Amino acid sequence: MNSIELRDPVSGSTARIAPHRGFNCHEFRAAVDGRSIDVIDADPEFPNGAGRPSGHGIPLLFPFPNRIRGGRYAWDGREYVIDPDEALNDGRGNAIHGFCLDRPWRMTAQSERVAIAEFQLSRDAPDRISFWPADFLIEVRYEIGPAALRADVRIANPADVPLPWGFGTHPYFRLPLGKESDPARCAVQADAAECWELEGALPTGRRLPVPVEKDLRESEYVDVLTLDDVLTGLPEGAKTVQSRIVDEQAGVEIVQRADGIFRELVVYTPGGRNAVCLEPYTCVTDAVNLHARGIDAGWRVLPPGEEFRTWIEIRAGLVVA
């Protein structure tokens with residue numbers, strides 16, 4: 001199947017999205033100072049089925065980002081088990097990344113610069129309805145602008161019971177940002193003062209001061225980073241949160257801004273690949289089980305008939321000294 005293309009007629013920036021593969025934005029080319037910057041990393045054949053849905057572009061993670069321990073949790077006095085089929089399993093027996101990233105979404109509107117699609121569990125993945133306490137609908141509106149890509153997200157509860165949820169994205173940012181640059185000398189920056197202690201990629205429930213080798217507050221070059229970590233302790237009370245990738249040789253930076261609800265940032269450096277993932281999450285990994293233990297994990301609940309809106313924006317530009 002073909003992707004859809006968005007184009008900003010003023011700048012020439014473009015984006016391509018695959019509705020049939022989780023409404024995944026697998027290409028974003030930003031026009032910066034007369035150059036076309038390839039921002040997102042994905043297999044060129046991703047729209048034709050190449051690669052894991054979670055391993056390319058910008059996967060959308062809902063109703064939970066990252067893992068649920070053993071694919072098991074309890075909610076409102078009932079035990080739930082997420083069927084450990086290949087699409088929902090991390091290879092270690094944990095459920096991973098929700099129910100939306102590997103299924104087709106329904107397009108509801110499209111113009112030159114905007115694409116809107118939605119996914120409802122009972123309609124678009126009825127075989128998974130028993131895995132979650134409530135039906136849900138998630139709508140994403142992508143808009144391309146001058147060197148910017150914005151996602152506006154609407155989460156709705158069409159059920160007659162409360163909807164527990166967490167949301168995140170898993171963008172793969174391509175390195176370097178210039179044709180003559182060294183990917184190893186691209187730097188990553190994020191204002192996270194803490195990290196979650198992990199055992200087997202799952203949080204123990206403890207938040208710790210971020211260690212030196214994971215501290216990105218002053219920025220760090222990618223070649224010295226080996227990360228698959230959940231950072232937190234972002235500036236308290238901030239209306240927006242921000243992370244950056246800087247290619248000094250190219251004089252170009254990528255800035256990812258998000259609503260202040262995104263309290264966690266997973267930073268992942270995939271081995272053998274010139275890319276880095278900066279993943280904004282509204283909650284930590286395994287939040288539903290941590291919540292049951294009385295730990296503030298960012299887990300949220302949406303009452304019947306209500307909706308919640310949030311947003312993320314990725315913008316390319318010249319490095320500002």
Side-chain angles (χ1 to χ4, degrees), residues 22-26 28 39-42 51-68 90 94-102 138 140 142 149-151 153 155 165-175 186 188-192 194-196 198 201-203 207 210 214-217 219-220 222 225-234 238 240-245 254-271 273-287 290 297-300 310-315:
F23 201 49
N24 185 312
C25 180
H26 58 92
F28 170 34
V39 177
I40 299 298
D41 188 61
R52 295 177 295 106
S54 62
H56 303 264
I58 308 178
L60 301 171
L61 316 179
F62 191 79
F64 61 92
N66 217 294
R67 293 163 173 81
I68 291 179
D90 69 348
N94 305 303
I96 191 166
H97 292 334
F99 308 140
C100 305
L101 81 169
D102 64 327
I138 178 170
V140 173
Y142 271 118
L149 179 70
R150 180 181 171 101
V153 181
I155 295 160
W165 66 275
F167 173 73
T169 65
H170 196 320
Y172 287 79
F173 292 102
R174 179 172 293 186
L175 303 177
C186 292
V188 179
Q189 188 273 332
D191 294 325
E194 298 177 320
C195 66
W196 288 87
L198 302 180
L202 292 161
R207 288 169 51 148
V210 64
K214 301 176 184 180
D215 192 343
L216 305 178
R217 284 175 289 183
S219 82
E220 191 57 84
V222 171
L225 296 176
T226 303
L227 298 179
D228 190 1
D229 292 271
V230 188
L231 304 185
T232 190
L234 299 170
T240 63
V241 294
Q242 179 174 293
S243 52
R244 299 169 71 224
I245 300 168
I254 304 299
V255 177
Q256 181 175 234
R257 297 173 62 249
D259 184 356
I261 187 181
F262 290 93
R263 42 171 282 173
E264 267 73 46
L265 181 74
V266 172
V267 182
Y268 173 45
T269 52
R273 186 169 172 181
N274 289 331
V276 63
C277 297
L278 302 175
E279 311 169 36
Y281 288 2
T282 63
C283 64
V284 69
T285 304
D286 199 31
L290 294 177
W299 200 232
R300 303 183 74 90
T310 188
W311 60 273
I312 299 173
E313 180 186 79
I314 298 168
R315 182 177 294 274

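Here the structure is a predicted model, which is why all the values come from computation and not from measurement.
- In this structure, Asn66 CG and Ile96 CD1 are separated by 5.5 Å, a value rounded to the nearest 0.5 Å.
- Taking each heavy atom of Ile312 and Phe167 in turn, the nearest pair found is CD1-CE2, 4.5 Å.
- The structure places CD of Gln242 at 10.0 Å from CD of Glu313, a figure rounded to the nearest 0.5 Å.
- Note that the CG atom of Asp229 and the CD atom of Glu279 stand 11.0 Å from one another [nearest 0.5 Å].
- Residues Leu101 and Ser54 are in side-chain contact: their nearest non-hydrogen atoms beyond the backbone lie under 4.5 Å apart.
- Residue pairs meeting the salt bridge (Lys or Arg N to Asp or Glu O under 4.0 Å) criterion with at least one member in residues 56-66: none, sequence neighbours excluded.
- Under the 30°/60° scheme for interplanar angles, the aromatic rings of Tyr268 and Tyr172 are found to stand perpendicular.
- Across all their heavy atoms, Phe28 and Ile314 have their closest contact at CE2-O, 3.8 Å.
- Counting heavy atoms from C-beta outward, Leu227 and Val266 have side chains that stay 4.5 Å or more apart.
- Rounded to the nearest 0.5 angstrom, Thr282 OG1 and Asp259 CG are separated by 10.0 Å.
- Considering only residues two or more places apart in sequence or on other chains, Arg300 meets the salt bridge (charged side-chain N to carboxylate O under 4.0 Å, His left out) condition with none of them.
- In plain terms, the two heavy atoms of Gly166 and Cys283 that are nearest each other are CA-SG, 3.8 Å.
- Between Leu278 and Gln256, the shortest heavy-atom distance links the atoms O-NE2, 3.1 Å.
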side-chain contact (heavy atoms from CB on, under 4.5 Å) assessment of Cys100 paired with Leu60
CA-CA 7 Å; Cys100 305; Leu60 301 171; 5.6 Å; no
Go through the steps to decide whether Thr310 and Phe262 satisfy the test side-chain contact (heavy atoms from CB on, under 4.5 Å), and finish with yes or no.
CA-CA 9 Å; Thr310 188; Phe262 290 93; 3.3 Å; yes
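- Residues satisfying the side-chain contact (heavy atoms from CB on, under 4.5 Å) criterion with Cys195, sequence neighbours excluded, are Pro211, Leu231.
- Counting heavy atoms from C-beta on, the side chains of Asn94 and Leu202 come closer than 4.5 Å.
- The OG1 atom of Thr285 lies 6.5 Å from the CG atom of Leu198; values are rounded to the nearest 0.5 Å.
- Ring planes of Phe64 and Phe99: perpendicular class, angle over 60° (limits at 30 and 60°).
- When each of His26, His56, His97 is checked for a ring-ring contact (aromatic ring centres under 6.0 Å, His included) with His170, only His97 meets the rule.
- In this structure, CZ in Arg315 is found 14.0 Å from CZ in Arg244, a value given to the nearest 0.5 Å.
- Residues Tyr281 and Leu61 are in side-chain contact: their nearest non-hydrogen atoms beyond the backbone lie under 4.5 Å apart.
- Across every non-hydrogen atom of Thr269 and Val276, the tightest pair is CG2-CG2, 4.1 Å.
- Side chain of Thr232 to backbone of Arg263: a donor-acceptor contact under 3.5 angstrom is found.
- With contacts defined as side-chain heavy-atom distances shorter than 4.5 Å, the pair Asp215/Glu220 does not qualify.
- Taking the side chain as every heavy atom from C-beta outward, Ile138 and Val153 approach each other to under 4.5 Å.
- Shortest non-hydrogen contact noted between Leu290 and Ala297 is CB-CB, 3.8 Å.
- Side-chain atoms of Pro203 and Val230, non-hydrogen and from C-beta on, never get closer than 4.5 Å to each other.
- A donor-acceptor contact shorter than 3.5 Å is absent between the side chain of Asp41 and the backbone of Phe173.
- A heavy-atom distance below 4.5 Å is not found between the side chains of Asp286 and Arg67.
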